[in-house]
Amino acid sequence: MTIAGTGSYVPERILTNAELEKLVDTSDEWIRSRTGIRERRIAADNEATSDLGTKAALKAMEQAGVTAEELDLIIVATVTPDTFFPATACYIQRNLGARNAVCFDISAACSGFLFALQTSRHFINTGNRKTVLIVGAEKLSGMVDWKDRNTCVLFGDGAGAAILRRRTEDSNESRVLSTVMGSDGMLTDILSVPGGGSALPTTPENAEERLNTIKMEGREVYKQAVTAMRDACIKAIADAGLTTDDIAMVIPHQANIRIIEAITDRLGIPSERTFINLDKYGNTSAAAIAIALDEANRTGAIKKGDNVLLVAFGAGLTWASAVVQW
Ligand code: UT7
């Protein structure tokens, strides 16, 4: 399978750490030193997740030279769908006019884009689908408790996309060499949105408790993220038949610079071979790797022939990784 094009879109509105200092008891210094985040993007009230995803998709389609009619599968990874149903993938299908596509969403939180990548790989390798659009898109600003300093400083909105196709064997197109994914449902409670679903519907009585916003045990998530992502990196590199020395660039989930450094230190990969944009966007969950991959592609941070390691971690718990020869 090859990645034939990438695209991304972030909303115009920038929310800085200085503005957050006025909302909650925090400081630019605390946010930067504990996370590496300087600012994040916030979608407009009338901008839904599918709107962000559609803009990213159009850029990926343009780069790949693919028309909407050619798409035969659209997978959207998101935890902030436009509606419980239909799937956000169906709204993006409508926006694009992609009449020939089968569309569904994946809920794997921050690992969602890489879950979509691996799912597409199976569809493409079996010959079931030929031209696939995957999108990671989130409007987390609508799911954040803006009174909780433990979480509201971390998240942002945005979308990234990729076009995937079967690779022609003798071509010099990029090639997905390995994909890994995993889950641990024993740890659902350390990062979740507990309310608003069937387990705990929002009622007039509990609305004040903001149970339909993100709750996280930050330190525990941090610990789990480092171990799971390190192991996922080791497996993806081994499955690709490579060693860490062969990896030209790591594109990790953009949650916290300290988590990323802890992983790359353990793997012995220097910081100049790590792609970081969380300072500009914060944690955009399923969109984070998709946006980072597109920026690395368009800025030339990754070059033809480079072995690129993608790795993610999120609620579920879920984790995933992949090695792509660019
Ligand atoms: O997307 C995948 C899932 N998410 C993640 O990967 C996030 C994983 N976790 C983290 O990135 C980090 O745990 C955080 C950035 C969330 C927190 O950093 P930390 O170094 O683990 O801080 P902490 O939770 O241990 O809190 C240290 C102190 C606490 O005060 P006390 O109890 O020591 O007095 C917090 O109340 O920092 C306080 N604190 C803050 N202070 C200023 C927490 N949030 C803030 C804040 N501003 N925004």
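In this text, all values refer to a predicted model and were calculated from it rather than measured experimentally. Remember, it's 1-based here, ligands and their atoms both numbered in the order they're listed. Sequence positions, counted from 1, serve as the residue numbers for this chain.
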Peer 1: I'd like to check the side-chain contact (heavy atoms from CB on, under 4.5 Å) partners of N150; sequence neighbours left out, ordered by chain and number.
Peer 2: D148
Peer 1: Can you check salt bridge (Lys or Arg N to Asp or Glu O under 4.0 Å) on E261 and R258, steps first, answer last?
Peer 2: CA-CA 5 Å; E261 285 170 358; R258 290 158 51 218; over 6 Å; no
Peer 1: Restricting to non-hydrogen atoms, name the atom on S111 and the atom on G314 that form the minimum distance, rounded to 0.1 Å.
Peer 2: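 What the structure gives for the nearest pair is OG-N, 3.5 Å.
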Peer 1: Please identify each residue that fulfils salt bridge (charged side-chain N to carboxylate O under 4.0 Å, His left out) with R149, with sequence neighbours left out.
Peer 2: D25
Peer 1: Identify the residue among R13, R40, R38 that makes a salt bridge (charged side-chain N to carboxylate O under 4.0 Å, His left out) with E19.
Peer 2: R13
Peer 1: Write out the protein residues near ligand 1, meaning a non-hydrogen atom under 4.0 Å from one of its atoms, in order of chain and number.
Peer 2: D25, T26, W30, R34, T35, C110, R149, N150, V153, L154, L191, M216, G218, R219, V221, Y222, H253, A255, N256, R258, I259, N283, F313
Peer 1: Test question: given the 4.5 Å side-chain rule for I, L, V, M, F, W and Y, name all other residues clustered with Y281, or answer none.
Peer 2: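 Traced through the cluster, Y281 reaches V10, I291.
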